Amino acid sequence: MSFADVASVLDPQARSAGAKSFRIVHHTALALGLIAALETTLRSAAAGPRPLFVAIELAVAALFLCEWIVRLVGAAQLSVPPNRPAAHRRYLLSFLGLVDLISGWGLPLALLLGVPVEQAAAVGVLWSLKLTRYVPGFSMIGRVLHNERSSLLSVLAAFGMILLLAATGEYLVEGGAQPANFGSLPAALWWCIVTLTTTGYGDAIPATALGRVVAGLVMILGIAVFALWAGILASGFAAEVRRRDFLRTWSLVARVPLFRALGAGVIADVARMLRPRQVPGGAMLMRKGDPGDCMFFIVEGEVEVAIEPHPVRLAAGDFLGEMALITGEPRRATVTAMKSTQLLSLDIADFRAVAGQYPELTQAIEAEAARRAAQVLPG
Ligand code: CMP
């Protein structure tokens with residue numbers, strides 16, 4: 001077993017038995033380490049830490065230290081093209097590289113520097129950041145923030161300007177009446193942040209009529225700013241999910257020979273209309289006699305078409321459910337998945353659109369439908 005094999009076990013996407021076992025050990029250690037760290041910080045300095053929990057924390061830190069070393073050395077071995085210093089630097093300076101570094105070295109270093117165990121254990125809470133590697137949603141948050149950075153920064157700038165203007169207004173209007181709360185710009189700024197974020201502690205309240213008018217405006221603008229932030233982030237997430245789904249569908253469509261022959265441009269067009277669908281073995285895809293509202297392309301797996309005298313099996317690259325769409329008649333046969341099957345579905349409206357745009361594709365489908373029609377026994 002080479003070092004690269006060991007390092008590949010740490011890949012969060014890896015599906016090997018070794019990688020799965022490592023993830024179980026990693027997550028269990030993390031949970032135990034966090035419980036031990038929380039328990040240790042609960043103990044008063046007089047009572048002293050429980051040796052068992054300190055031992056657990058040290059064992060977890062040792063595991064994470066080993067992981068950091070393997071990731072650091074492995075970063076160079078797995079980089080393409082191999083470039084040792086650049087790969088090491090990239091890993092060391094990445095967010096997850098820094099998290100691994102603190103997770104491995106934080107606790108032992110704090111103890112070596114003489115920090116009391118109860119306080120050093122607080123470093124253990126940072127271990128939870130290691131989970132960001134295993135939660136796909138986190139990388140999506142990062143991408144959304146990056147994609148929407150200019151809109152988010154504009155709102156942030158607007159927020160800052162409202163903050164400064166409103167704080168200056170309250171300082172001028174209320175400063176004389178309430179010097180303790182509004183007598184300086186920093187004090188007025190604190191009130192403004194609390195009000196704009198709609199936190200509203202109520203520790204400082206404008207007393208003059210004009211001061212209250214400004215306060216009312218600040219509150220309304222605070223809600224507007226957060227509505228804008230929420231709107232930008234929500235549409236950013238929706239766009240990112242669409243992009244990810246499109247890429248996934250694209251790669252599935254490209255695996256169906258019928259589409260592959262048409263070229264990348266057409267695949268991209270068709271991918272927008274197709275919906276991926278995964279069905280378990282035994283699932284009924286269509287029942288004989290039902291009206292037809294969509295057809296399927298098989299990407300992976302196998303289905304059985306129950307026709308007389310012998311059922312027919314269709315596999316990856318084949319399509320089904322096209323006859324009802326072409327003729328407008330009910331389904332001619334019941335179709336069941338024989339094992340877990342990955343499909344792409346095309347609904348009837350999109351089938352018509354494809355027929356108009358890509359006649360060569362529809363001709364191929366119609367030719368196969370005609371061949372099949374000749375085999376289906378009536379009844
Ligand atoms: P449809 O009639 O819409 O629904 C049942 C589907 O089974 C049908 O479309 C075809 O896609 C498929 N089918 C019917 N007969 C055959 C056949 N002889 N060989 C392969 N597939 C068939």
Side-chain angles (χ1 to χ4, degrees), residues 15 241-379:
R15 303 230 149 261
V241 168
R242 260 200 310 278
R243 220 180 341 262
R244 200 193 52 188
D245 286 353
F246 173 75
L247 283 177
R248 184 166 161 253
T249 315
W250 200 96
S251 64
L252 293 178
V253 176
R255 279 159 62 186
V256 178
L258 193 67
F259 298 123
R260 205 167 40 219
L262 297 172
V266 180
I267 293 177
D269 261 5
V270 176
R272 271 181 253 281
M273 303 184 195
L274 293 165
R275 306 260 167 285
R277 195 173 145 195
Q278 180 87 39
V279 290
M284 191 191 289
L285 292 172
M286 49 192 71
R287 194 196 310 262
K288 185 176 174 179
D290 282 355
D293 55 358
C294 69
M295 69 173 290
F296 298 103
F297 298 88
I298 306 175
V299 180
E300 214 173 73
E302 197 177 26
V303 303
E304 187 175 86
V305 183
I307 51 164
E308 298 294 342
H310 303 294
V312 173
R313 295 261 172 128
L314 300 176
D318 292 331
F319 52 83
L320 60 138
E322 77 295 350
M323 294 168 98
L325 302 195
I326 294 169
T327 61
E329 289 170 10
R331 299 285 191 203
R332 292 182 175 225
T334 295
V335 183
T336 313
M338 300 313 289
K339 52 179 165 181
S340 172
T341 302
Q342 172 72 60
L343 301 156
L344 288 164
S345 80
L346 180 69
D347 73 32
I348 188 159
D350 290 329
F351 177 76
R352 303 251 149 84
V354 169
Q357 272 175 285
Y358 306 107
E360 67 278 28
L361 185 67
T362 344
Q363 274 159 18
I365 294 176
E366 280 173 359
E368 176 63 12
R371 192 192 65 77
R372 288 173 180 179
Q375 291 178 1
V376 182
L377 294 180

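In listed order, ligands and their atoms are each counted from 1. In this text the structure is predicted, and so the values were computed from the model without any measurement.
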Enquirer: Side-chain contact, heavy-atom cut-off 4.5 Å: Val305 with Thr336?
Expert: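 Heavy-atom side-chain distance check fails, nothing below 4.5 Å.
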Enquirer: Tell me, do Arg248 and Phe246 make a side-chain contact under 4.5 Å, heavy atoms counted?
Expert: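 When only atoms from C-beta onward are counted, Phe246 and Arg248 do not touch, as no gap falls below 4.5 Å.
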Enquirer: Heavy-atom contacts under 4.0 Å between Leu325 and ligand 1: side chain, backbone, both, or neither?
Expert: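 Neither; nothing of Leu325 gets under 4.0 Å from ligand 1.
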Enquirer: Can you tell which of Arg255, Lys339, Gln278 makes a side-chain hydrogen bond (donor to acceptor under 3.5 Å, both in side chains) with Glu300?
Expert: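 For Glu300, the side-chain hydrogen bond (donor to acceptor under 3.5 Å, both in side chains) test succeeds with only one of Arg255, Lys339, Gln278, which is Arg255.
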Enquirer: Report the part of Val305 (side chain from C-beta onward, or backbone N, CA, C, O) that has a heavy atom under 4.0 Å from ligand 1; answer both or neither where that applies.
Expert: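 Under 4.0 Å from ligand 1, Val305 contributes side-chain atoms alone.
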Enquirer: Can you sort out which atoms of ligand 1 are near Glu322, meaning under 4.0 Å from one of its heavy atoms?
Expert: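 In order of numbering, the contacting atoms are 9 (O), 10 (C), 11 (O).
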Enquirer: Got Val266 and Phe259 here, is their nearest side-chain heavy-atom distance under 4.5 Å?
Expert: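 The answer is no, as the side chains (C-beta and beyond) never meet within the 4.5 Å cut-off.
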Enquirer: In ligand 1, which numbered atoms sit nearer than 4.0 Å to a non-hydrogen atom of Leu320?
Expert: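 So the answer, numbered in order with elements, is 11 (O).
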Enquirer: Would you call Val335 and Glu304 a side-chain contact if the rule is heavy atoms closer than 4.5 Å?
Expert: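 Sidechains of Glu304 and Val335: no contact.
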Enquirer: For Ala333, is the nearest heavy atom under 4.0 Å from an atom of ligand 1?
Expert: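 Flag set, Ala333 near ligand 1.
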Enquirer: For ligand 1, which part of Lys288 has a heavy atom less than 4.0 Å away: the side chain, the backbone, both, or neither?
Expert: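 For Lys288, there is no contact with ligand 1 at all, from either part.
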Enquirer: Taking the side chain as every heavy atom from C-beta outward, state whether Val354 and Met273 have any pair of such atoms under 4.5 Å apart.
Expert: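 Yes, side chains in contact.
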Enquirer: Which of the numbered atoms in ligand 1 are under 4.0 angstrom from any heavy atom belonging to Met286?
Expert: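 Listed by number with element, the hits are 4 (O), 5 (C).
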Enquirer: Which ligand 1 atoms, with their elements, are less than 4.0 angstrom from a heavy-atom of Ala324?
Expert: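 Answer, ordered by atom number: 1 (P), 2 (O), 3 (O).
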Enquirer: With respect to Phe319, determine whether any N or O atom, backbone or side chain, lies less than 3.5 Å from an N or O atom of ligand 1.
Expert: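 The answer is no, given that Phe319 and ligand 1 share no N or O pair closer than 3.5 Å.
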Enquirer: Could you check if a side-chain atom of Leu285 sits within less than 4.5 angstrom of a side-chain atom of Val279, using non-hydrogen atoms only?
Expert: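 When only atoms from C-beta onward are counted, Val279 and Leu285 do touch, with a gap below 4.5 Å.
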